[in-house]
2 protein chains.
Amino acid sequence: MQDVAKRANVSTATVSRVLSNPDKVSESTKKRVLEAIDELNYQPHVVARQFRTMQTKIILVVVPDITSAFFSQILRGIEHVAIEHGYQVILADTENKTEREREYMNILHQKQADGMVLLTARMNKHELEEISDAFPVVLACEYMDELNTPTVSIDNISSSRKAIQHFIDMGHRKIAHITGPMDVILSRDRLRGYQQAMYSNDLPMDSLYIQEGNFTIESGYNQMKKLLSLDEPPTAVFVFNDEMAIGAINAVRDQGLSVPEDIAVIGFDNINMAPIFTPKLTTIDQPKYEIGQKAMNLLLSLINKEPLEKRKFVLKDELVIRETCGYTLSRNNDSRDKDGNAISTKILEH
Amino acid sequence: MQDVAKRANVSTATVSRVLSNPDKVSESTKKRVLEAIDELNYQPHVVARQFRTMQTKIILVVVPDITSAFFSQILRGIEHVAIEHGYQVILADTENKTEREREYMNILHQKQADGMVLLTARMNKHELEEISDAFPVVLACEYMDELNTPTVSIDNISSSRKAIQHFIDMGHRKIAHITGPMDVILSRDRLRGYQQAMYSNDLPMDSLYIQEGNFTIESGYNQMKKLLSLDEPPTAVFVFNDEMAIGAINAVRDQGLSVPEDIAVIGFDNINMAPIFTPKLTTIDQPKYEIGQKAMNLLLSLINKEPLEKRKFVLKDELVIRETCGYTLSRNNDSRDKDGNAISTKILEH
DNA sequence: CCAAATACTGTAATCGGTTACAATAAAGGT
DNA sequence: ACCTTTATTGTAACCGATTACAGTATTTGG
């Protein structure tokens, strides 16, 4: 920077201003400085700037599982908004471990990032509250009651209810649920939706019909095997996510049965494999990209200390009816739900 | 830090030493300082340290597509090694755009990262050479001849040859290839392997049998449709990656034909969906996690200016025979290749 | 018992920008 | 013509750690 200043015959302050406050500098000197920068191929030392301004322009995004098809779409939403506003995204993969989640909190404490988007919150409410009181933090996907942290999510309880109601409307009575790990709020919420729908339709609930998986294809496979080995196996199974649903369908098939004829299945998330898998997956679609965008926009407001219009955003989900729930067997692939909204199930749409 | 120093009745230099050179400090003062740190809940200002030491302890990883199942495994390999050595990983998603690739190079120029792992290299050789001469850079997956940049990859030509040879050994003669975009070296390499195998078996090559896709499921679907509409459609298709292979299989099915009976298919990468998809995908397995680990270890050597044992590492790939190539139809799911190596195809392995 | 080596700690310069404040020049107003 | 305001630029303090160097205390060796 000294060199540039010398060459342009100005002070370092002016060079700095050309770079970060161009309006404060006259056209002529600005031109001279820019030329000098160009000639000397000067690159500002970003870390020095970060140090001086106490801003890193970095956003930390904590993901429970980077390999999951679901989160990558959310990430993209976050990243697009971030880059647009001059921020960069650091990814932190917790691999579903709560300790690692905690470790990453340090990055905020140490001011290595200007803010954080949490796509997982296994920590207890107290810890979360503490960190989000001190730093800009947005929670996405997971929702906690009575938590002040700004949140973007869908209503997991109602969407889960919607799925079960669909089964019931089609005449199913023996409906099982493969849940996610019970220490994850999302799992408890979706389970609650299942229970609510069963109760309100006066259907009995056998606790054997509730099996806890761990998000993976394998665990979907194993839990479905358990359900199939019951004396009275279910005729329909609602699965916490699409990955486990795919595992579950494989289990049905390995048992010589078929989906949806013998067992109907509904998944969750509408990952990009859902319309491609055979049979095509009926599932709850989350607006993944939009969740990411919204979360990042919220975070920017927090960082800039702008007032928030509200702290909790619940986006719309949608039951996408394809083949695994059996609904469309006697019909065309394209259908409409009872509200008349198109439920497109064309293959290869995304 | 001042506060800590005062409280422990030492100078800031000593506090600093306790944190970064604990051996230089006596046990008693170390204890005092640590107590003070604890009582004041002091967090070192990492950016200040980065500034002073001119090290960020950050690694930039440039990925062509973060949503791809293939790369996430490599990422995990990189990240594990990085964290183990006190480095953090920033992810840069180029979304398959060369411009964005170039943009990210700036992060290195600006010293915002100590090194970079490239999982994509669409830039020309000259640009790449320039940056890798000036900074620690490792190339993974893609391989360029006559390039000095340290590289970790498999031998794409030979693995592609292997796939085609398998088709030929099974009696196929009309073998097509759905490639990746031709501006990607990997695509050209795998195409070359296809051509070599065809030539060396005196099989004719119809240029209509070579169709260029763009990595996505959709393009696999579309290119396969083209192949199916030929007067003399192929009986076997080698596809650049598993995603496109899955699209291709769907196209076959939509045409009322079936895999592998009418058309045999071999994919590439062995993504985690490969053994789950129906029919199970025969594919070339890349040691994804190991590629990531090796690349990161190489990068660490570069950063620490250690000598490299060599600059090019070619890891072993493996043809994993499952169902889509037809080989195991009359046999068990488990098979062995001609070298006697087990080719496990158990469902739900990963 | 003293010199030399060793162990520990403190002082202060330093990294490369940013920005408050001061200084100067130019423009505008009466 | 003179004062006020505005525009532009320079000077130098500052951000919070690290570390070379110097100084002091302690141990070792003869």
Side-chain angles (χ1 to χ4, degrees), chain A residues 1-38 40-58 86 88 106-114 135, chain B residues 1-38 40-58 86 88 106-114 135 303-304:
Chain A
M1 191 160 174
Q2 294 248 7
D3 299 341
V4 174
K6 199 165 293 171
R7 182 158 195 130
N9 214 20
V10 294
S11 70
T12 58
T14 302
V15 176
S16 174
R17 277 189 279 257
V18 168
L19 259 29
S20 42
N21 267 67
D23 322 333
K24 299 252 166 198
V25 183
S26 76
E27 282 306 321
S28 59
T29 52
K30 195 190 302 182
K31 186 155 158 288
R32 262 199 348 271
V33 170
L34 288 175
E35 274 174 19
I37 287 179
D38 208 47
L40 296 176
N41 198 17
Y42 162 75
Q43 294 273 2
H45 195 292
V46 177
V47 177
R49 176 183 301 160
Q50 292 177 351
F51 171 55
R52 179 58 231 235
T53 61
M54 297 290 148
Q55 289 203 1
T56 59
K57 292 285 175 178
I58 286 175
Q88 286 179 15
N106 276 332
I107 295 188
L108 263 197
H109 275 123
Q110 297 168 348
K111 310 264 169 57
Q112 280 198 83
D114 293 348
F135 303 97
Chain B
M1 191 158 172
Q2 294 249 6
D3 301 341
V4 174
K6 200 164 292 172
R7 181 157 195 127
N9 215 20
V10 293
S11 70
T12 58
T14 302
V15 177
S16 173
R17 276 189 280 257
V18 169
L19 259 28
S20 42
N21 266 66
D23 322 334
K24 299 253 168 198
V25 183
S26 77
E27 282 305 320
S28 59
T29 52
K30 195 190 300 178
K31 187 156 158 288
R32 265 203 341 276
V33 170
L34 288 174
E35 274 174 20
I37 287 179
D38 208 46
L40 296 176
N41 198 16
Y42 161 76
Q43 293 273 3
H45 195 294
V46 178
V47 178
R49 175 183 301 163
Q50 291 177 350
F51 172 56
R52 176 60 229 238
T53 61
M54 297 289 148
Q55 289 202 0
T56 60
K57 292 286 176 178
I58 285 175
Q88 284 179 16
N106 275 332
I107 294 188
L108 263 197
H109 275 123
Q110 297 168 347
K111 310 263 169 57
Q112 279 198 84
D114 293 348
F135 301 98
I303 290 174
N304 300 326

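Letters go in sequence order (proteins before strands), and every chain restarts at 1. Bear in mind that the values here come from a model prediction, so they are computed numbers and not experimental data.
The salt bridge (charged side-chain N to carboxylate O under 4.0 Å, His left out) check on A/Lys6 picks up nothing, with sequence neighbours excluded. Legend: residues meeting salt bridge (charged side-chain N to carboxylate O under 4.0 Å, His left out) with B/Lys30, ordered by chain and number and at least two apart, are B/Glu27.
Using a 4.0 Å heavy-atom cutoff across all strands shown, B/Val10 reaches sugar-phosphate atoms only and no base atom. At the heavy-atom level, B/Arg52 lies under 4.0 Å from base atoms of the strands shown.
Regarding B/Gln55, its CD atom lies at a distance of 14 Å from the P atom of C/dG16, rounded to whole Å. Computed from coordinates, the B/Phe51 CZ to C/dG17 P distance equals 8 Å when rounded to whole Å. Atoms CG (B/Asn21) and P (D/dT18) sit 9 Å apart, rounded to a whole Å. The separation between A/His45 atom NE2 and C/dG17 atom C1' is 10 Å, rounded to whole Å.
At least one side-chain nitrogen or oxygen of B/Thr29 sits closer than 4.0 Å to the OP1 or OP2 atom of C/dT9. For A/Thr14, a side-chain nitrogen or oxygen approaches OP1 or OP2 of D/dG10 to under 4.0 Å. OP1 or OP2 of C/dT9 has at least one side-chain nitrogen or oxygen of B/Ser26 nearer than 4.0 Å. The side chain of B/Thr53 contributes no N or O atom lying less than 4.0 Å from OP1 or OP2 of C/dC15.
Comparing the local axis fitted to the first five base pairs of the helix from C/dC1-D/dG30 to C/dT30-D/dA1 with the one fitted to its last five gives a bend of 30°, rounded to 10°.
Closest contact between the side chain of A/Met1 and the listed nucleotides D/dT18, C/dG17, C/dG10 involves C/dG17. Distances were taken from every side-chain heavy atom of A/Val25 (C-beta onward) to each of C/dG17, D/dT9, D/dG16; the shortest belongs to D/dT9.
Taking 4.5 Å as the limit, every side-chain heavy atom of A/Phe51 sits out of range of all side-chain heavy atoms of B/Arg52.
For the pair B/Ala48 and B/Ser11, both in contact range of DNA chain C, the more 5′-proximal nearest nucleotide belongs to B/Ser11. Residue order along DNA chain D, read from the 5' end via each residue's closest nucleotide, puts A/Arg17 first among A/Arg17 and B/Tyr42.
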